Amino acid sequence: MMRAKREGSMMEDDEQLNPESKRQRLLEHASPSPPHLAFENALLPLASYDDDDDDEDEERREASRGGREVDNGRRMEPDGFRDEEEDDEDDDDPSGRGFIQGKHNRLVEVRRDCPYLDTVNRQVLDFDFEKFCSVSLSNLNVYACLVCGKYYQGRGQKSHAYTHSLEAGHHVYINLRTEKVYCLPDGYEINDPSLDDIRHVLNPRFTREQVAQLDKNKQWSRALDSSDYLPGMVGLNNIKETDFVNVTIQSLMRVTPLRNFFLIPENYQHCKSTLVHRFGELTRKIWHARNFKGQVSPHEFLQAVMKASKKRFRIGAQSDPVEFMSWLLNTLHADLRTSKKNSSIIYNCFQGELEVVKESHNKAFSEKKEIGDDQNKGTVAEGGTENENLFTETSRMPFLMLGLDLPPPPLFKDVMEKNIIPQVPLFNILKKFDGETITEVVRPRTARMRYRVTRLPQYLILHVRRFTKNNFFIEKNPTLVNFPVKNLELKDYIPLPTPKENEKLRSKYDLIANIVHDGKPGEGVYRVFVQRKSEELWYEMQDLHVSETLPQMVALSEAYMQIYEQHQ
């Protein structure tokens with residue numbers, strides 16, 4: 001009796017010193033520890049969306065703050081479960097606390113069948129727009145609801161996609177980055193071949209064999225709304241005054257080496273430029289034969305353009321396709337070129353070379369001559385000569401496009417009180433590059449320029465300068481340019497360099513794209529005529545409008561920018 005009292009008093013003293021031991025003992029007597037649950041029941045791991053404990057929350061905060069990367073390793077277990085390490089595609093907390101990467105592993109069941117697959121509505125799916133959650137506006141871990149087409153973030157218990165699945169009764173979701181399909185709120189992954197067409201629309205794929213056969217394909221494709229379209233000849237949405245982008249893209253899609261390069265993402269996977277990858281995605285969507293609809297929205301590409309150009313080109317503001325083409329080609333080249341050699345697919349296609357002879361008055365020499373200072377003579381730059389006060393300098397200059405000057409339009413109306421629309425042959429304005437015709441330049445200093453082509457590119461871009469700006473307004477020259485659609489032979493009109501041994505002079509070109517401006521300067525719209533190689537037919541494209549046309553109609557338009565392909 002005394003011994004029991006003594007032990008009880010010792011335990012009371014011990015509890016006063018260590019209250020934690022008392023709490024532990026009470027918990028042990030109150031409820032036995034729960035048994036360890038094996039995964040015989042398939043529903044148990046699917047329902048366990050437990051929140052991480054405080055320590056793991058802190059680790060996730062540190063990982064998101066420090067930008068720490070976590071391995072994204074996954075393996076398939078033989079019992080039909082996937083041991084999936086949570087990363088940014090799992091239980092993200094969309095509340096904005098920065099939970100981007102997790103450490104918590106869980107088993108995700110993979111099923112072949114799902115009772116909700118018949119609720120998938122392909123008519124409402126549109127993957128052309130930016131991958132942002134429609135609630136949180138975050139681009140991390142975004143899922144598309146395959147029932148209503150809306151984008152939601154996450155698939156954990158606190159996520160917007162999970163909430164949407166409970167509120168709307170929509171159960172099938174695809175991860176826009178990994179292309180995995182899940183059923184919510186159950187949480188299992190669906191592995192069904194019937195969803196492959198959705199994955200192909202989300203991320204079109206081409207093999208090198210398919211790319212090689214593109215220009216031989218004459219088969220039409222059918223969209224979900226039963227409309228027919230030609231792959232590569234699909235219309236582009238004019239989001240808001242973005243026709244200058246659409247005509248540029250449609251023209252570049254006819255440049256075969258450029259198109260083939262961007263159809264295979266492995267060619268530029270080393271590049272970190274968002275603009276390059278968005279241009280590649282747009283190229284694959286335009287040429288994809290399994291689209292759900294017969295047009296494409298260049299929305300993501302335009303967002304990348306706005307960011308890369310620092311809003312020089314933006315949605316809602318009309319711009320010049322010539323300026324845009326020049327900026328786009330130079331930016332793509334700068335992003336794609338490797339450090340070892342200053343070359344890229346852009347330069348391989350479009351870069352030529354000019355010899356430029358510049359004659360200008362040596363201002364410093366003239367002033368010194370006037371004050372009678374004969375001791376100091378004007379210096380002669382490399383490649384230049386000096387004749388009294390005339391300074392001549394010769395240089396080589398690479399080019400991606402050639403600017404052609406139109407003769408001024410007539411000032412007066414004819415006897416019928418109508419304006420005469422003048423015409424000029426293309427060969428007349430090409431004489432600018434014969435090495436003899438003098439072009440007067442005012443800025444940055446008055447000079448006389450002579451140009452001669454020393455190397456022709458595989459694809460020749462010509463820009464007809466229709467617009468002139470003065471201090472008050474922009475004027476448009478309506479002169480029509482008469483040009484051949486096929487077999488433009490340059491050597492008959494401009495002197496070309498003699499080819500090297502075992503090389504053939506390739507100076508014959510065919511037109512493949514012709515951009516036209518309709519309307520007043522500063523306003524108006526752009527459209528483009530492009531050629532489909534498989535049938536050698538011409539199509540007129542203006543945003544979503546695509547129609548077949550005659551080659552004769554191409555030459556009757558006010559050409560603004562043209563792309564010619566060299567005969568091989």
Side-chain angles (χ1 to χ4, degrees), residues 34-53 56-57 59-60 70-94 99-122 125 131 133 140-203:
H36 177 70
L37 294 176
F39 290 129
E40 282 96 6
N41 184 351
L43 293 178
L44 284 176
L46 303 180
S48 61
Y49 286 92
D50 297 329
D51 293 337
D52 295 344
D53 56 24
E56 288 192 18
D57 281 353
E59 283 182 12
R60 296 176 84 173
V70 181
D71 267 350
N72 189 15
R74 298 180 184 84
R75 61 183 181 276
M76 184 73 78
E77 299 293 336
D79 58 358
F81 289 84
R82 188 191 300 278
D83 183 8
E84 185 171 282
E85 181 173 331
E86 282 192 280
D87 60 356
D88 61 346
E89 72 185 53
D90 282 331
D91 279 354
D92 285 350
D93 184 358
F99 294 166
I100 298 174
Q101 294 169 331
K103 294 281 192 178
H104 178 59
N105 284 5
R106 71 161 176 227
L107 289 180
V108 176
E109 185 186 3
V110 181
R111 293 190 189 178
R112 181 70 179 267
D113 57 339
C114 175
Y116 301 111
L117 282 182
D118 59 346
T119 65
V120 173
N121 185 3
R122 288 166 173 78
L125 299 182
K131 312 302 193 282
C133 172
L140 296 172
N141 179 27
V142 180
Y143 288 76
C145 174
L146 297 185
V147 182
C148 66
K150 293 180 181 177
Y151 294 171
Y152 295 99
Q153 186 181 13
R155 63 180 173 88
Q157 224 173 16
K158 300 176 183 177
S159 67
H160 297 302
Y162 188 94
T163 305
H164 178 70
S165 71
L166 294 175
E167 290 180 347
H170 298 171
H171 300 288
V172 190
Y173 296 80
I174 186 169
N175 186 299
L176 296 178
R177 184 176 62 84
T178 65
E179 302 176 23
K180 291 181 181 178
V181 181
Y182 295 92
C183 178
L184 297 183
D186 296 343
Y188 59 84
E189 183 182 337
I190 306 168
N191 183 18
D192 192 296
S194 67
L195 299 170
D196 286 348
D197 61 334
I198 296 176
R199 294 188 178 99
H200 274 275
V201 172
L202 173 61
N203 183 18

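Numbering starts at 1 and runs along the sequence shown. This is a predicted model, so every value here is computed, not measured. Hydrogens, waters and symmetry mates are skipped; everything else that's a heavy atom, side chains included, is used.
In this structure, SG on Cys114 lies 3.5 Å from CD1 on Ile190, to the nearest 0.5 angstrom. A distance of 5.5 Å separates OG1 of Thr178 from OH of Tyr182, quoted to the nearest 0.5 Å. Rounded to the nearest 0.5 angstrom, Ser194 OG and Leu117 CG are separated by 5.0 Å. Between atom NZ of residue Lys180 and atom CG of residue Asn175 there is a gap of 8.5 Å, rounded to the nearest 0.5 Å. Considering CG of Leu202 and CZ of Arg177, their distance stands at 12.0 Å, rounded to 0.5 Å.
Considering only heavy atoms from C-beta on, Val120 comes within 4.5 Å of Ile198 through its side chain. The closest side-chain heavy-atom distance from Pro193 to Arg112 is below 4.5 Å. In this structure, His164 and Cys148 have side chains that are in contact, with non-hydrogen atoms separated by less than 4.5 Å. Annotation: side chain of Leu184 is not in contact with side chain of His171 (no heavy-atom distance under 4.5 Å). Contact of the Thr163 side chain with the Lys158 side chain is not registered, since no non-hydrogen atoms from C-beta on lie closer than 4.5 Å. In this structure the side chain of Leu195 reaches within 4.5 angstrom of the side chain of Val181, judged on heavy atoms. Put simply, the side chain of Tyr151 does not reach to within 4.5 Å of the side chain of Cys133, judged on heavy atoms.
Taking each heavy atom of Ala144 and Leu176 in turn, the nearest pair found is CB-CD2, 3.7 Å. Between Ala161 and Tyr173 the shortest heavy-atom distance is O-OH, 3.5 Å.
Side-chain atoms of Arg155 and Tyr143 include a donor-acceptor pair closer than 3.5 Å.
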Next on the checklist: Evaluate Arg111 against Asp192 for salt bridge (charged side-chain N to carboxylate O under 4.0 Å, His left out), listing each step before the verdict.
Outcome noted: CA-CA 8 Å; Arg111 293 190 189 178; Asp192 192 296; over 6 Å; no

Next on the checklist: As a quick check of understanding, evaluate ring pair (Phe, Tyr, Trp, His ring centres under 6.0 Å) for His160 and Tyr152, giving each step before the final call.
Outcome noted: CA-CA 6 Å; His160 297 302; Tyr152 295 99; 7.5 Å; no

Checklist entry - Do Asn121 and Val147 pass the side chain to side chain contact (heavy atoms under 4.5 Å, CB included) test, and can you show the C-alpha distance, the side-chain angles, and the key distance before you say yes or no? => result CA-CA 5 Å; Asn121 185 3; Val147 182; 5.5 Å; no

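Residue-environment remark: NZ (Lys131) exceeds the threshold of 12 foreign heavy atoms within 6.0 Å.
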